[in-house]
Amino acid sequence: MKNQKKYLELLNTAAAGKVKLNVRQIEALLSPPDEKCEQKLFEAALELKRELFGNLVNLRGLIEFSNICKCDCLYCGIRKSNRKVTRYTMSETEILHSAELASQFGYGAVVLQSGERDDVQFTGQVTALIKKINAVPNPPAITLSCGEQSLKTYRRWVKAGAKRYLLRIESSTPELFNAIHPEFTTLAKRKAALRRIRRAGFQTGTGVMIGLPGQTLKHLARDIKFFRDIDVDMIGMGPFLPQQDTPMGNADNSPETIQRRFKWALRMIAVTRLVLRDVNIASTTALQALDPENGREKGLLAGANVIMPNVGEVAYRKDYQLYNGKPALDENGKNIRSALLKSLRKIGEEPRWDSSGDPIHFVKRTAK
Ligand code: SAH
């Protein structure tokens with residue numbers, strides 16, 4: 001009883017948004033003493049989300065345009081050393097078709113995601129693509145998710161007309177970051193890249209994986225503080241899901257662990273909403289992978305306000321398996337759209353049609 005009362009008091013303080021919470025308080029918020037308190041947490045986050053954005057959800061069409069990658073992250077299915085995937089890059093025609101589809105679907109924005117490459121051929125291709133997408137009728141806003149690049153490249157992409165960039169920090173705790181990346185990938189480099197992204201003028205997004213081996217709620221509380229400290233506009237985070245053809249493929253994946261990852265992911269969305277408030281938060285595909293029926297819906301009900309339905313070519317989907325159990329492997333964009341609309345309706349949310357959906361946080365920080 002006592003714990004419950006204390007938790008609800010802290011939750012009220014967080015929801016009011018007048019106090020800057022410290023890591024200890026953020027960790028406490030991430031650790032509701034019972035299910036009832038956990039439910040209250042989700043409700044408070046949803047209430048704040050609806051206060052800020054109404055019952056609207058921003059949609060971004062996801063285009064996984066290439067799986068060629070120079071990195072070797074120990075968890076990722078498209079890591080360089082995984083010889084089991086067939087490497088592909090969608091043709092420009094295919095990518096433009098996907099972007100037009102997103103626009104016809106009323107999504108208002110696309111996310112171009114790929115493995116990481118920084119050779120001139122690749123960076124030039126992306127620049128050309130951005131320009132061409134901006135020339136389609138009723139062009140969708142462009143978000144990029146193509147890894148660490150130089151300031152020059154980021155600037156070039158902004159100049160070509162891309163608006164947003166997503167680069168997950170994966171974990172802001174050095175030991176944890178080092179445990180899941182090869183030595184030449186460092187947290188310091190990743191942080192520096194995020195700073196360049198912001199400097200280049202992008203609406204800046206980051207995020208973490210949740211439920212990594214050895215990760216605790218304290219680590220995750222520090223991640224939320226990190227998001228606040230670097231003043232991001234967008235967050236995308238989801239449960240870690242072992243991928244069989246990677247060095248982390250044997251990580252514990254018992255039903256209890258899966259359940260915990262899922263719960264923690266929802267709590268992370270809710271607490272991030274309460275702490276960062278007016279940022280865009282995605283309910284990610286990885287949540288849907290753990291609960292195909294209700295995963296993404298639960299993310300929205302825990303305070304997320306963005307969904308990224310796939311609009312890419314079905315033929316490539318099987319070669320973009322970052323993790324096992326990725327949903328909608330053989331669904332085309334149209335079927336994904338109608339399923340999504342149905343599930344939004346079920347939870348009383350609506351798509352925000354034809355809107356680029358800029359994060360309020362970005363609009364405010366650049367108006368200053
Ligand atoms: N190359 C780009 C983005 C591609 S991967 C970049 O470096 O930013 C996009 C995200 O998928 C990664 O940032 C990571 O957080 C997530 N991801 C990769 N493997 C995963 C796994 N096994 N489980 C859950 N998420 C994973």
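Atoms within a ligand are numbered from 1 in the order they appear, just like the ligands themselves.
- Near Pro239, meaning under 4.0 Å from one of its heavy atoms, ligand 1 places the atoms 24 (C).
- When heavy-atom distances to ligand 1 are checked against a 4.0 Å cut-off, Arg261 has no atom that comes that close, whether in backbone or side chain.
- Considering all non-hydrogen atoms of both residues, Glu92 and Ala128 come closest at OE2-CB, 4.4 Å.
- For Phe202, the ring pair (Phe, Tyr, Trp, His ring centres under 6.0 Å) test picks out Tyr165, with sequence neighbours left out.
- Taking the centre and axis of the six-membered ring of Trp264, the NZ or CZ atom of Arg260 falls inside the cone set by 45° and 6.0 Å.
- Here the protein heavy atom with the shortest distance to atom 13 (O) of ligand 1 is Glu170 OE2, 2.6 Å.
- For atom 8 (O) of ligand 1, the nearest non-hydrogen atom from the set Arg79, Lys70, Arg190 belongs to Arg190.
- Protein heavy atom nearest atom 25 (N) of ligand 1, with residue, atom name and distance: Met209 SD, 3.5 Å.
- In this structure the side chain of Val110 reaches within 4.5 angstrom of the side chain of Ile142, judged on heavy atoms.
- With ligand atoms numbered from 1 in the order given, ligand 1 contributes 20 (C), 21 (C), 22 (N), 23 (N), 24 (C), 25 (N), 26 (C) to contacts under 4.0 Å with heavy atoms of Tyr323.
- Every atom of ligand 1 is numbered from 1 in the order shown, and the set under 4.0 Å from a heavy atom of Arg168 is 13 (O), 14 (C), 15 (O), 16 (C).
- Using a 4.0 Å cut-off between heavy atoms, Cys73 makes no contact with ligand 1 at all.
- Atoms of ligand 1 lying under 4.0 Å from at least one heavy atom of Leu322, given by number and element, are 5 (S), 11 (O), 18 (C), 19 (N), 20 (C), 21 (C), 22 (N).
- Within the structure, the ring pair (Phe, Tyr, Trp, His ring centres under 6.0 Å) test picks out the following pairs touching residues 78-100 (sequence neighbours left out): Tyr88-Tyr316.
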### Message
salt bridge (charged side-chain N to carboxylate O under 4.0 Å, His left out) for Glu38 and Arg267? Distances and angles first, verdict last.
### Response
CA-CA 8 Å; Glu38 184 172 56; Arg267 291 183 200 168; 2.6 Å; yes
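- Side chains of Asp233 and Asn280: no donor on one and acceptor on the other come within 3.5 Å.
- Of the N or O atoms in Ser145, none lie within a sub-3.5 Å distance of an N or O in ligand 1.
- Aromatic ring pairs are classed by plane angle as parallel below 30°, tilted from 30° to 60° and perpendicular above 60°; the pair Tyr75 and His181 is perpendicular.
- Taking only nitrogen or oxygen atoms, main chain and side chain alike, Gln113 does not reach within less than 3.5 Å of ligand 1.
- Nearest-heavy-atom check against atom 3 (C) of ligand 1 across Gly147, Ala251, Ser114 picks out Ser114.
- Counting heavy atoms under 4.0 Å from ligand 1, residue Glu148 does not touch it at all.
- Put simply, the residue from Pro213, Cys73, Pro242 that forms a side chain to side chain contact (heavy atoms under 4.5 Å, CB included) with Met248 is Pro213.
- The shortest N/O to N/O separation between Leu167 and ligand 1 does not fall below 3.5 Å.
- Side-chain contact of Ser66 with Ser114: a donor-acceptor pair under 3.5 Å is absent, judged by distance alone.
- In terms of protein heavy atoms, atom 22 (N) of ligand 1 is closest to Leu241 O, 2.8 Å.
- Considering backbone and side-chain N/O of Tyr75, one or more are found under 3.5 Å from N/O of ligand 1.
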